[in-house]
Protein chains: 2
Amino acid sequence: MKPTIYDVAEAAGVSIATVSKVINGTGRISDKTRKHVLDVMEELKYKPSMVASALTGKSTFTIGLTIPDLANPFFAEIARAVEDRGHEYGFNVFICSTDNDPEKEVKYFSLLTQKRVDGIIIASRTQKDQFLKRLIQHQIPIAMIAREMPTLAVDTVMVDDFLGGYQAGSHLIELGHRRIAMIAEDMSEMSSRERVRGCRQAMLDAKVEPDEALIVVGGFAVESGKAAMDRLLEQDHKPTAVFACNDVLAIGAIQSARQHGLQVPKELSVIGFDNTVLATIVDPPLTTIAQPIQDIGRQVVDLLVEEIKGEKALKQRVLLMPQLVVRSSCAPAQ
Amino acid sequence: MKPTIYDVAEAAGVSIATVSKVINGTGRISDKTRKHVLDVMEELKYKPSMVASALTGKSTFTIGLTIPDLANPFFAEIARAVEDRGHEYGFNVFICSTDNDPEKEVKYFSLLTQKRVDGIIIASRTQKDQFLKRLIQHQIPIAMIAREMPTLAVDTVMVDDFLGGYQAGSHLIELGHRRIAMIAEDMSEMSSRERVRGCRQAMLDAKVEPDEALIVVGGFAVESGKAAMDRLLEQDHKPTAVFACNDVLAIGAIQSARQHGLQVPKELSVIGFDNTVLATIVDPPLTTIAQPIQDIGRQVVDLLVEEIKGEKALKQRVLLMPQLVVRSSCAPAQ
DNA sequence: GTGAAAGCGCTAACAG
DNA sequence: CTGTTAGCGCTTTCAC
């Protein structure tokens, strides 16, 4: 059987209260007893049970992270960042892939609260405000990695999508492009709309007129990005550059271009968004707008931990800046 | 405050024992009281605390998974598979990225045991037998996703690396290749050696003599795969095909070939190992030996759960078969 | 400085 | 069928 606090108390010839105090550094204990108790703990290889201490009202040092899909590199990288930062604070993280299925999401939330996690980071996309509201009423600390402004007071970290789009557009324009296509993810999503809006604004600011026919919706899969690019390339007046709202779509666009006999970047410049590993893997290496994944992870965890510790009165909204990463998928317009 | 079993008991006008029984479906309760209690639970939105019930000796329904790095697509996919299967059994999983750093590994193991996880799945690589032994003595159920036979009795799932290498070699030979290069990960690792040995055996069986000069060590990064291929391509008598021991190395090889002005697959066939997302992303799409990631995840979880439930007397070793996935990175030898 | 004792929320005999 | 009661391993007053 695993040794308990009683075992070390007995072996050390003190009371369990004393042992508890040396474990937690609370109360006043003489250096002598402290050292002795520590020695005994070591000897018995005693590790306090966190479930028992959690029951006594302390925290579980556990947080939940809900994401759409861990197998998606973007979220895997987010998860890794959250894990690392959490670990620095002594937290373990339960990762929950919801596939954006509301049912799974509810089930996971229910499990997480039953396990008395200290807080939850929400990076999945389904969360209807309605549902979030219930969680908040449940008093459980929450922080979000969001793509749109929640209509609720929740700690949130977001990336400036408009700026990202603007950076992408500017870059293409500086390279001399005028006919710039855009592949959005899903126009019903604010975040995607913002990226497109940013790119378009960059064009307007440079006095180049966006062509509505060059703005299409692509979704989230390589295949759909490819299909979207196919449509773009079958038009009469082809674009010389395309801004894809995520790296996966950008990869689809490159594949499509290649199939149409177009060289990237010589005949078609492609710029993506996210800067996942994939961007470094494709050929040509993808110029893209980087999301500061490490920072996103750090910041949400920081927000959540402050919330957990109750050190914070007000909710915060952190807006992070995206950044252009130039690789080889964009070239000057011919 | 969150409602407790006492609140439910009181509101329902029964004892906590009765409530506990309806929660767990134990004992004999009249349908009438059961329904009534259930209603009250619903009304109070009561969810039993798993930490309390864990303290009472039942399990925590939590398992740990140690991997080298969650940001590595192969392990992210493994983690997702484990998560899904675990969830089917009602388990949540703590994911621990160790970076193959023994210190981190020890720290994570210590945390996991303090949190009283019901079991641990080890897919990280550092675990010295010495260390594993201690865990086993700790009585905590363990299952491994291994690359080599552990010298201990542990539930393990492995993939037949030799067969995988053989399949890769055979495929290349069937395409008419004779000068086949190999990029190993690390010759000190059994698994890598086995893949190379398998490929070589395929050659021997086909009466083609392997050229030792064409077998190099590449590591795990795209860059190192590229460097390895560079070396191969600077030889006098160049290979017409290369078997890379993982997809990342294969991608490096493709990049190198391209830089040397060689067309893949026309002038150089490349075959990888793992079949991660990356294989579908590269250009050309990578022909590779697929590891049955879903199955690996399912099987380890199954082994671990049996172990946890104590339904199993003997440890098991499950050997899964790899499978050739043909895409476009290999062509007939010219 | 140190210890006795009362819980935390739940389960599991054991009575009735 | 239902309730009483004794813990699970730890934290936390409150005495001494």
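Residue numbering restarts at 1 for every chain, and letters A, B, ... go by the order of the sequence lines.
Considering only side-chain N and O atoms, T26(B) lies nowhere under 4.0 angstrom from the phosphate OP1 or OP2 of dT11(C). In this structure, S20(A) reaches the dT11(D) phosphate: one of its side-chain N or O atoms is under 4.0 Å from OP1 or OP2.
If you take CD of Q114(B) and P of dG9(D), they are 15 Å apart, rounded to a whole angstrom. In this structure, M50(A) atom CE and dT11(D) atom P are separated by 10 Å, rounded to whole Å. Atom NE2 of H36(B) and atom C1' of dC1(D) are 16 Å apart (whole Å). In this structure, CD1 of I16(A) is placed 11 Å from P of dC8(D), rounded to the nearest angstrom. Straight-line distance from the CG atom of N24(A) to the C1' atom of dG9(D): 13 Å, rounded to whole Å. Rounded to whole Å, atom P of dG3(C) lies 14 Å from atom CD1 of I23(A). As rounded to whole Å, 8 Å separates atom P of dG3(C) from atom CD1 of I29(A). The nearest whole Å value for the distance from the OH atom in Y46(B) to the P atom in dG9(C) is 10 Å.
The base of dG3(D) sits with one of its N or O atoms less than 3.5 Å from a complementary donor or acceptor on the side chain of K21(B). Contact annotation: side chain of T56(A) to base of dG9(D), donor-acceptor pair present below 3.5 Å. Residue-to-nucleotide contacts include a donor-acceptor pair under 3.5 Å from the side chain of Y6(B) to the base of dC10(C).
Which of dG9(D), dG9(C), dG3(D) sits closest to the side chain of T4(A) comes down to dG9(D). Side-chain proximity of I5(A) to the nucleotides dG9(C), dG9(D), dG3(C) is greatest for dG9(D).
The main-chain N or O of R116(A) is never found under 3.5 Å from a side-chain atom of T113(A) such that the two would form a donor-acceptor pair. Counting only distance, with no hydrogens or angles, the side chain of N100(B) and the backbone of R125(B) share a donor-acceptor pair below 3.5 Å. With hydrogens and angles disregarded, no donor-acceptor distance shorter than 3.5 Å links the side chain of T26(B) to the backbone of V22(B).
Figure legend: cation-pi geometry between K115(A) and F61(B) absent, as NZ or CZ is not positioned both under 6.0 Å from the six-membered ring centre and within 45° of its axis.
Side-chain contact between I121(A) and T66(A): absent, with no pair of heavy atoms (C-beta onward) separated by less than 4.5 Å.
Using a 4.0 Å heavy-atom cutoff across all strands shown, T33(A) reaches sugar-phosphate atoms only and no base atom. Across all strands, L55(B) comes closer than 4.0 Å to base atoms (heavy-atom distances).
Comparing V14(B) and S49(A) by the nucleotide of DNA chain D whose heavy atom lies nearest to each, the residue mapping closer to the 5' end is V14(B).
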